[in-house]
There are 2 protein chains.
Amino acid sequence: MKNFQEKISEVVIRRLTDYLRCLNYVKQEGKTLIKSSNISTKCGLKSSIIRKDLARFGVYGIKGKGYDIDELIKQIGKILGLDKTKNVVLIGAGNLGTAIIKYPRIKNANFNFIAAFDNNSDKIGKMINDTQIYSIDKINKFIKKNKIEIVLLTVPVSETMKIVDSLDSKFVKGILNFTSVILPPKKNNIFIHNIDLAKELEVLSYCMKKCTL
Amino acid sequence: MKNFQEKISEVVIRRLTDYLRCLNYVKQEGKTLIKSSNISTKCGLKSSIIRKDLARFGVYGIKGKGYDIDELIKQIGKILGLDKTKNVVLIGAGNLGTAIIKYPRIKNANFNFIAAFDNNSDKIGKMINDTQIYSIDKINKFIKKNKIEIVLLTVPVSETMKIVDSLDSKFVKGILNFTSVILPPKKNNIFIHNIDLAKELEVLSYCMKKCTL
DNA sequence: TTGTGAAAGTTATAACTTTCACAAGCGAAT
DNA sequence: ATTCGCTTGTGAAAGTTATAACTTTCACAA
């Protein structure tokens with residue numbers, strides 16, 4: 001794999017995650033090699049762009065045969081930084097938070113939910129999979145003690161700003177914001193990635209409309 | 001608004017949804033006009049591209065002042081096809097499904113969840129907000145009777161294929177697939193939009209890695 | 001050893017996107 | 001009415017991305 005770090009756009013990164021998903025799927029079918037044309041049909045992309053993406057990172061296959069699946073998974077993982085375990089905490093142990101912790105592929109991404117926080121006393125002390133729920137009051141002490149860098153936010157809109165402002169940017173470096181509150185891409189040097197579930201429905205809405213034109 | 005339908009790429013569509021989210025937020029602060037530079041800082045985009053996007057669709061502002069928020073919301077809604085109510089059903093009334101139905105901005109997108117389906121007898125008959133949960137056996141009859149075009153899939157991985165194959169493509173035109181199963185972008189003429197929650201974590205993972213280089 | 005088929009790797013180009021810089025125009029104030 | 005400040009709208013240039021077409025190389029079999 002090439003070592004120099006050229007700028008990679010988010011489109012490319014998103015494609016890499018698609019490849020990864022596809023590769024993990026094909027791997028568990030017992031295959032060891034995969035052709036670019038195979039990834040192509042599975043992901044709905046042209047095979048040429050897949051080969052180009054891979055070559056760009058110095059990930060090579062075997063001409064006439066295809067790519068080694070295990071090797072590919074390893075390399076893409078390395079590019080995305082999935083090779084190191086990242087401790088994260090979840091804030092907001094509602095339906096969405098619970099769903100995320102239980103989501104099948106998240107353990108593959110090497111995200112380790114070491115704690116969840118909520119202000120609902122019925123939930124405090126309970127578990128979601130292997131993750132314990134604590135009172136939200138304890139969050140900053142916990143972050144400091146465990147040097148948490150990543151926070152997943154799945155709280156109600158009304159709570160969001162207060163919590164974001166309270167997070168100690170000495171430790172927290174990234175927030176995955178699943179609330180529908182708009183946060184700036186960077187705040188106090190914390191990288192914020194906004195995810196809006198409604199967005200996907202809106203995109204579908206456009207596609208449906210376009211198709212019936 | 002321009003009437004001719006040029007091809008619009010998904011990047012642009014996604015930006016439009018960002019504008020919409022921003023506009024709704026600013027609207028509820030009581031403002032009536034907004035500058036492109038304001039949307040710009042909120043969404044983390046250059047103001048020039050916002051103006052370009054809007055002009056492209058024939059949506060114009062007032063020079064020296066900005067854009068009329070209500071008008072902008074209306075126009076973007078029209079472009080995305082949010083102006084018409086779309087009846088949808090949810091399959092899989094687990095945490096993720098529940099979270100989606102309750103997600104704040106989804107009603108804005110004019111998606112109307114008229115029914116949910118699950119195979120867990122404890123859930124059948126219960127409600128999520130205003131949406132009743134039915135037995136999954138009844139799904140095809142329901143789709144036929146109510147001419148449902150959009151299905152939201154939030155079932156376990158093991159159930160996914162069986163359900164997708166069983167959906168009647170005479171009625172169903174779009175599937176929003178939140179399971180982590182890879183589905184092709186189109187199947188039996190049904191448009192499929194895959195959403196993988198793990199993807200967002202993987203993207204964040206890359207960003208975090210990049211920042212520490 | 002050599003020939004062949006298949007798929008990777010590469011290059012050139014077309015298509016698309018973003019950005020910049022500035023002209024144009026609106027509205028408020030004088 | 002005129003000026004001034006402000007922000008939109010846009011054309012051209014720069015930058016980026018995707019695609020098709022082409023070349024190379026590998027593995028296997030004859």
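Quick note on labels: first sequence line is chain A, next is B, and so on, each numbered from 1. Note that this is a predicted model, so its numbers are computed, not measured.
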A:Arg56 atom CZ is separated from D:dA18 atom C1', nearest whole Å, by 12 Å
Query - Distance-only polar pair, side chains of A:Asn38 and A:Lys42, donor-acceptor under 3.5 Å - result: yes
Any strand, both distances under 3.5 Å, Watson-Crick or G-U wobble: C:dT19 pairs with D:dA12
Per atom distances to the B:Tyr67 side chain, the nearest of D:dC26, D:dT8, D:dA20 is D:dT8
Of the candidates C:dT19, D:dT10, D:dA18, the side chain of B:Lys46 sits closest to C:dT19
* Asked: OP1 or OP2 of C:dT18 less than 4.0 angstrom from a side-chain nitrogen or oxygen of B:Arg15, does that happen here?
  -> yes
Rounded to whole Å, CZ of A:Arg51 lies from P of D:dT23 at a distance of 15 Å
note: B:Ile39, atom CD1; D:dT7, atom P; distance rounded to Å ~ 13 Å
(Q) What I want to check is whether an N or O donor and acceptor connect the side chain of B:Lys65 with the base of C:dG25 at under 3.5 Å. (A) no
Rounded to whole Å, the CD1-C1' distance (B:Ile50 to D:dT7) equals 13 Å
Quick one: is A:Ser9 getting a side-chain N or O under 4.0 Å of the D:dT17 phosphate, OP1 or OP2?
yes
Sequence neighbours excluded, the answer for side chain to side chain donor-acceptor pair (under 3.5 Å) partners of A:Lys187 is A:Asp165
Here the distance between atom P of D:dC22 and atom NZ of A:Lys63, to the nearest Å, is 17 Å
- Message: Classify the ring geometry of B:Tyr134 against B:Phe142: parallel below 30°, tilted from 30° to 60°, perpendicular beyond 60°.
- Response: tilted
> Any cation-pi pair here, A:Lys147 with A:Phe171, using under 6.0 Å and within 45°?
Replying inline: no
Among D:dA27, C:dA7, D:dA21, the one nearest any side-chain atom of A:Lys35 is C:dA7
Inset, instruction - Report yes if a side-chain nitrogen or oxygen of A:Tyr60 is closer than 4.0 Å to either non-bridging phosphate oxygen (OP1 or OP2) of D:dT24; otherwise report no. - result: no
Rounded to whole Å, CG of B:Leu72 lies from C1' of D:dT7 at a distance of 14 Å
note: A:Ile49, atom CD1; D:dA20, atom C1'; distance rounded to Å ~ 12 Å
Between A:Gly64 and A:Val11, whichever has its closest DNA chain D nucleotide further toward 5' is A:Val11
- Query: Should A:Ser36 be listed as having a side-chain N or O under 4.0 Å from OP1 or OP2 of C:dA8?
  - Reply: yes
Quiz item: side chain to side chain donor-acceptor pair (under 3.5 Å) between A:Arg51 and A:Ser36: does it pass, once the steps are laid out?
Solution: CA-CA 6 Å; A:Arg51 293 198 299 277; A:Ser36 62; 3.3 Å; yes
Q | Donor-acceptor pair under 3.5 Å, A:Lys52 side chain vs D:dT19 base | A | yes
Rounded to whole Å, the CG-P distance (A:Asp53 to D:dT19) equals 11 Å
